[in-house]
Amino acid sequence: MPLYEVVPRRTRPPAEAYLSACGSCTRCLDACPTGALDPEHGLDAGLCISTWTIEHRGEVPQEWTDAAAGMLFGCDICQAVCPWNLKAARRGLPPVVPDYGVLSAHAELTLADLAVLDDDEFRRRFRRTPLWRCHPEGMRRNARRILEGGE
Ligand code: SF4
Ligand code: SF4
């Protein structure tokens with residue numbers, strides 16, 4: 001089973017293609033801070049920091065607050081260490097792990113600002129960006145969590 005499915009379903013090659021592409025590499029497995037990746041079963045979304053910082057609504061349990069320390073929106077450590085992504089970057093292909101240009105365009109915002117950003121301002125700044133995915137309350141929660149953790 002592939003660890004990642006980054007290719008649209010209709011054009012996805014057979015699973016064997018992914019397995020052979022990984023070879024003996026285990027970089028993403030070794031790097032994942034929460035053990036969310038398993039060579040037999042792929043990604044367990046319930047263990048992934050991206051789930052807790054982006055998809056989850058409501059407060060984050062303490063164990064995940066600790067695991068996601070300092071992470072405002074998602075994780076992507078597994079993507080950053082993948083040699084295929086590094087190779088693509090060297091060839092000048094678009095990065096799988098974005099450089100978070102969205103946030104750098106709002107660099108004047110501090111964590112304290114994000115922790116109290118109201119819904120209208122969040123919508124104005126981030127409505128058509130990936131950050132919209134966590135909703136205003138999710139962004140405030142994440143920023144607050146980092147501030148309270150002293151990161
Ligand atoms: S995004 Fe982070 S927590 Fe999720 S699988 Fe990748 S390394 Fe693990
Ligand atoms: S880091 Fe990339 S190549 Fe290595 S096992 Fe993970 S997905 Fe496969």
Side-chain angles (χ1 to χ4, degrees), residues 1-107 109 111 114-115 117 122 125-151:
M1 184 173 189
L3 293 179
Y4 299 109
E5 296 178 352
V6 295
V7 177
R9 279 183 192 282
R10 275 169 298 191
T11 59
R12 190 183 305 158
E16 296 72 32
Y18 290 98
L19 289 174
S20 61
C22 289
S24 60
C25 175
T26 60
R27 283 194 202 183
C28 57
L29 301 166
D30 300 337
C32 176
T34 62
L37 296 169
D38 180 310
E40 297 298 319
H41 305 102
L43 168 68
D44 182 342
L47 296 178
C48 177
I49 290 169
S50 294
T51 299
W52 288 102
T53 58
I54 301 175
E55 307 298 334
H56 179 69
R57 307 291 174 242
E59 286 306 309
V60 176
Q62 187 60 44
E63 65 192 282
W64 292 103
T65 295
D66 296 342
M71 296 191 192
L72 181 65
F73 183 85
C75 165
D76 285 349
I77 290 173
C78 48
Q79 299 292 316
V81 300
C82 178
W84 287 108
N85 293 341
L86 298 174
K87 187 181 281 191
R90 279 197 296 272
R91 288 184 180 170
L93 295 172
V96 174
V97 181
D99 62 2
Y100 295 103
V102 170
L103 268 188
S104 52
H106 300 269
L109 287 177
L111 271 179
L114 287 171
L117 200 66
F122 184 85
R125 288 175 177 268
F126 302 122
R127 179 68 183 94
R128 300 194 184 283
T129 77
L131 296 184
W132 183 252
R133 181 73 188 162
C134 72
H135 297 189
E137 58 272 26
M139 181 61 77
R140 288 192 292 267
R141 172 202 64 199
N142 293 347
R144 202 174 56 241
R145 173 178 52 72
I146 295 172
L147 288 170
E148 289 169 357
E151 296 288 333

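Because the structure is predicted, anything quoted here is derived from the model rather than measured. When a ligand or atom number is given, it counts from 1 through the structure's own listing order.
Applying the 4.0 Å criterion to heavy atoms of T34 picks out, from ligand 1, the atoms 3 (S). The distance from ligand 2 to the heavy atoms of C25 drops below 4.0 Å at these ligand atoms: 1 (S), 3 (S), 4 (Fe), 5 (S). Each of the following atoms of ligand 1 lies closer than 4.0 Å to a heavy atom of C75: 1 (S), 2 (Fe), 3 (S), 7 (S). For ligand 1, the atoms sitting less than 4.0 Å from at least one non-hydrogen atom of I49 are 3 (S), 4 (Fe), numbered in the order shown with element in parentheses. Close approach of ligand 1 to P33 is summarised as follows: ligand atoms under 4.0 Å from at least one heavy atom of the residue are 7 (S). Proximity to W84 (heavy-atom distance under 4.0 Å) selects the following atoms of ligand 2: 3 (S).
With sequence neighbours left out, A31 forms a side-chain contact (heavy atoms from CB on, under 4.5 Å) with I77, V81.
Residues M71 and I146 have side chains not in contact (no heavy-atom distance under 4.5 Å, counting atoms from C-beta outward). Side-chain contact between L86 and R27 is present, with at least one heavy-atom pair separated by less than 4.5 Å. You'll find the side chain of L47 reaches within 4.5 Å of the side chain of W64, heavy atoms only.
Among the candidates F73, F126, F122, the single residue satisfying the ring-ring contact (aromatic ring centres under 6.0 Å, His included) test with W132 is F122.
Ranked by closest heavy atom to atom 1 (S) of ligand 2, the top entry among C28, C78, C32 is C28. Which of S50, C48, A31 comes nearest to atom 4 (Fe) of ligand 1 through a heavy atom is settled by distance: it is C48.
Atom CZ of R57 has more than 12 neighbouring heavy atoms from other residues, nucleotides or ligands inside a 6.0 Å radius.
For the atom pair CG of D38 and CG of L29, the computed distance is 7.5 Å after rounding to the nearest 0.5 Å.
Proximity of L43 to ligand 1, defined as any heavy-atom pair under 4.0 Å, is confined to the side chain (atoms from C-beta onward).
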